[in-house]
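Treat the numbers as computed from the prediction; the structure is a model and nothing was measured. In what follows, chains are A, B, ... by sequence order, proteins preceding strands, each numbered from 1.
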Number of protein chains: 2
Amino acid sequence: MKVKEMAELSGVSVRTLHHYNDIGLLVPEEVTEAGYRIYSDKNLEVLQQILFFKELGLPLEKIKEIMHNPSFDRREALLMQRDTLYSKRERLDEVIRTIEKTIQELKGEIQMSNREKFTGFDFGHNPYEEEARERWGDQVVDESEEKVKKMTGYDQEKFNEIFRELALIRGVSPESEIAQEKIDIWYHYLNEVGNYSPHAFEGLGHMYVNDERFTENIDQFGEGLAEFMYNAMSVYAERKKN
Amino acid sequence: MKVKEMAELSGVSVRTLHHYNDIGLLVPEEVTEAGYRIYSDKNLEVLQQILFFKELGLPLEKIKEIMHNPSFDRREALLMQRDTLYSKRERLDEVIRTIEKTIQELKGEIQMSNREKFTGFDFGHNPYEEEARERWGDQVVDESEEKVKKMTGYDQEKFNEIFRELALIRGVSPESEIAQEKIDIWYHYLNEVGNYSPHAFEGLGHMYVNDERFTENIDQFGEGLAEFMYNAMSVYAERKKN
DNA sequence: TATAAAGTATCCCGTAGCGGTAGGGTCAAC
DNA sequence: GTTGACCCTACCGCTACGGGATACTTTATA
């Protein structure tokens, strides 16, 4: 289906779909010769998922991060979103209670403390965001750490070597041959210990710069290595897809 | 109390209070010599009111408009906000139902149409905004129209004259003496038929540019008259307050 | 089959509602 | 009389699009 149909079905605007395409959050399954975006049912499903996350107040960047995460699982996501929506409803109920009380106070029936007048409003730190991060961000980190712990001495050495070598060349362009060669080694190493599609590989790279626990660990091999790897991994994944 | 206390009590940030001050939404009762904002309990109450409106998704500009409206009434506002919050809860419940269904579908228990997958999400047209506008915006317009209808022939003539004269000078600066003189006439005329504080007067001017029904009517006397009057009325009200 | 109407594309600028920081006063306490 | 907590005013930045301009493509209709 084309943009308009997609927009009408889901209720979002065409412009929004364009935007989601621009930032890489929802990329149409296909693009015609003329440049028309063609969406699939799968795309529609992903959009629904995105909207659930949005309902929880997550920023698009976070949503992208979560959904690109290699260990992202739809079932789990839906269950978590459901739970979180229930929390949101509870919060809304609190606001309603607050307003009911305020009305009563106005009638002179009861009294309220200044604090009470503001129970239920949510500002600053978004609790849903926390929850989502714990559920996915941390999961990848934990898995990663576990794998590192389980490494044999040989693996350890190989792992360190790859990072050291990458750190040495982190000044070059991420598209350069040398960079792509080293990243290729990293990709194949990862696929020895796990299973990473180019897409998942890119997602992992994204976390290198987005989750500070990754960033810190990686940058121990050299300042800026995480970012360099992310860039190089993106390029690599993109080429691998074609 | 000073900003920080205010912020802590209500849960909003200090920066937010600054912002509300900047846009004229919540102006502290008092300002010390040193420029410190001092808020009163009344201010706190207004802030609560603002937050209720915000919870309904109203843009700050609209909130300002509504609360500056001469016929704004706190009791009525609270009742309306309560009702609207209940609608919001119903909408949230729909989203929750949608997600529950989606989970069921994933388990293969039921099937969903594409449309169903998006029931509950709210985009574009904000229904709460509508409701609020009907409740206040329209009220002022209606009152205005009623007054116009009740006018005697003499009043009609005077009314038209004022507008024609204002239209003639609408190119000059709103602060200029001539503009302020004519606006003074308008102010006093209004206070013959009704009761307008400088504050309410400013609110009225605000509606001239913000409600198209006003704008259209006024601009019949000359293109851009509504905006000119709004500006001149703001200046006038500001001076009148001091 | 031509032509109009509808749909789509890519810029690109604009906006709301603050967050955050810099650079600099102020006030109570010790 | 200095320290530390608090306050101020800019000012820049960000997100998630909205909306318009301009140009191409597709579909409907005459």
Side-chain angles (χ1 to χ4, degrees), chain A residues 1-39 43 47 50-67 121-126 128-129 132 209-210, chain B residues 1-39 43 47 50-67 121-126 128-129 132 209-210:
Chain A
M1 66 187 97
K2 287 181 276 184
V3 264
K4 202 183 182 191
E5 198 184 340
M6 186 83 168
E8 272 166 6
L9 263 166
S10 64
V12 309
S13 75
V14 170
R15 182 65 181 79
T16 299
L17 290 173
H18 283 174
H19 185 57
Y20 289 176
N21 188 183
D22 288 346
I23 63 173
L25 178 57
L26 178 59
V27 181
E29 186 101 1
E30 203 192 317
V31 177
T32 71
E33 295 248 319
Y36 282 28
R37 280 161 254 249
I38 306 294
Y39 293 90
N43 282 147
L47 178 55
I50 291 172
L51 294 184
F52 281 134
F53 277 121
K54 253 195 62 179
E55 186 70 35
L56 302 182
L58 288 181
L60 299 185
E61 191 57 33
K62 274 279 173 207
I63 298 179
K64 183 179 168 188
E65 194 179 314
I66 290 173
M67 297 185 67
F121 296 115
D122 70 328
F123 308 110
H125 54 296
N126 188 327
Y128 320 127
E129 193 167 338
V209 294
N210 252 281
Chain B
M1 65 186 95
K2 287 180 277 184
V3 265
K4 202 187 182 188
E5 197 183 342
M6 186 81 168
E8 272 167 6
L9 264 167
S10 64
V12 308
S13 74
V14 170
R15 183 63 182 79
T16 299
L17 291 173
H18 284 175
H19 184 58
Y20 290 175
N21 188 183
D22 288 345
I23 64 174
L25 177 58
L26 178 59
V27 181
E29 187 100 3
E30 204 192 318
V31 177
T32 70
E33 295 250 317
Y36 283 28
R37 281 162 253 252
I38 306 294
Y39 294 90
N43 282 146
L47 178 54
I50 291 172
L51 294 184
F52 282 134
F53 276 122
K54 252 195 62 179
E55 186 70 35
L56 303 181
L58 287 181
L60 299 184
E61 191 57 33
K62 275 279 172 205
I63 299 179
K64 183 179 169 188
E65 193 179 315
I66 290 173
M67 297 185 68
F121 295 115
D122 69 328
F123 306 110
H125 56 296
N126 188 327
Y128 321 127
E129 192 165 339
V209 294
N210 251 280

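Put simply, NZ on B:Lys54 and CG on B:Leu47 are 9.5 Å apart, with the number rounded to the nearest 0.5 Å. Considering OH of A:Tyr20 and CD1 of A:Ile50, their distance stands at 6.5 Å, rounded to 0.5 Å.
Nearest heavy-atom pair across B:Val14 and B:Lys4 is CG2-CA, 4.3 Å. Contact record, A:Ser13 with A:Ala7: C-CB, 4.2 Å, taken as the closest heavy-atom pair.
For the pair A:Glu33 CD and C:dA9 P, the computed distance is 15 Å after rounding to whole Å. Separating the CD1 atom of B:Ile63 from the C1' atom of C:dA16 is a distance of 12 Å, rounded to the nearest angstrom. The separation between A:Leu17 atom CG and C:dG7 atom P is 15 Å, rounded to whole Å. One atom, NE2 of B:His19, and another, C1' of C:dT15, lie 11 Å apart when rounded to the nearest Å. At whole-Å resolution of the value, CD1 in A:Ile23 and C1' in D:dC17 are 10 Å apart. Straight-line distance from the CG atom of B:Leu58 to the P atom of C:dG17: 10 Å, rounded to whole Å. Atom pair A:Met1:CE and D:dT27:C1' shows a separation of 20 Å (rounding to whole Å applied). Between the C1' atom of C:dA16 and the NZ atom of B:Lys62 lies a distance of 15 Å, rounded to the nearest Å.
Within the 4.5 Å cutoff, no side-chain heavy atoms of A:Phe52 are placed close to those of A:Leu56. Side-chain contact between B:Val3 and B:His18 is present, with at least one heavy-atom pair separated by less than 4.5 Å.
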In residues 23-39 of chain A, what donor-acceptor pairs under 3.5 Å come from side-chain atoms, sequence neighbours left out?
unit_1, atom_1, unit_2, atom_2, d
A:Glu29, OE1, A:Ser40, OG, 2.9
A:Thr32, OG1, A:Ala34, N, 3.3
A:Thr32, OG1, A:Gly35, N, 3.4
A:Thr32, OG1, A:Tyr36, N, 3.0
A:Arg37, NH1, A:Asn21, OD1, 2.6

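Within the structure, a side-chain polar atom (N or O) of A:Ser13 is placed less than 4.0 Å from OP1 or OP2 of D:dG18. Between A:Thr32 and the phosphate of D:dT25, there is no side-chain N or O to OP1/OP2 separation shorter than 4.0 Å. Proximity of B:Lys64 to the phosphate of C:dG17: no side-chain N or O atom is located under 4.0 Å from OP1 or OP2.
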* Any chance you could list the contact pattern along nucleotides 7-13 of chain D? Use B for base contacts, S for sugar-phosphate-only contacts and - for none, protein heavy atoms under 4.0 Å, 5' to 3'. => SSB-B--

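For A:Leu60, the listed nucleotide lying nearest its side chain is D:dC17; candidates were C:dG19, C:dG17, D:dC17.
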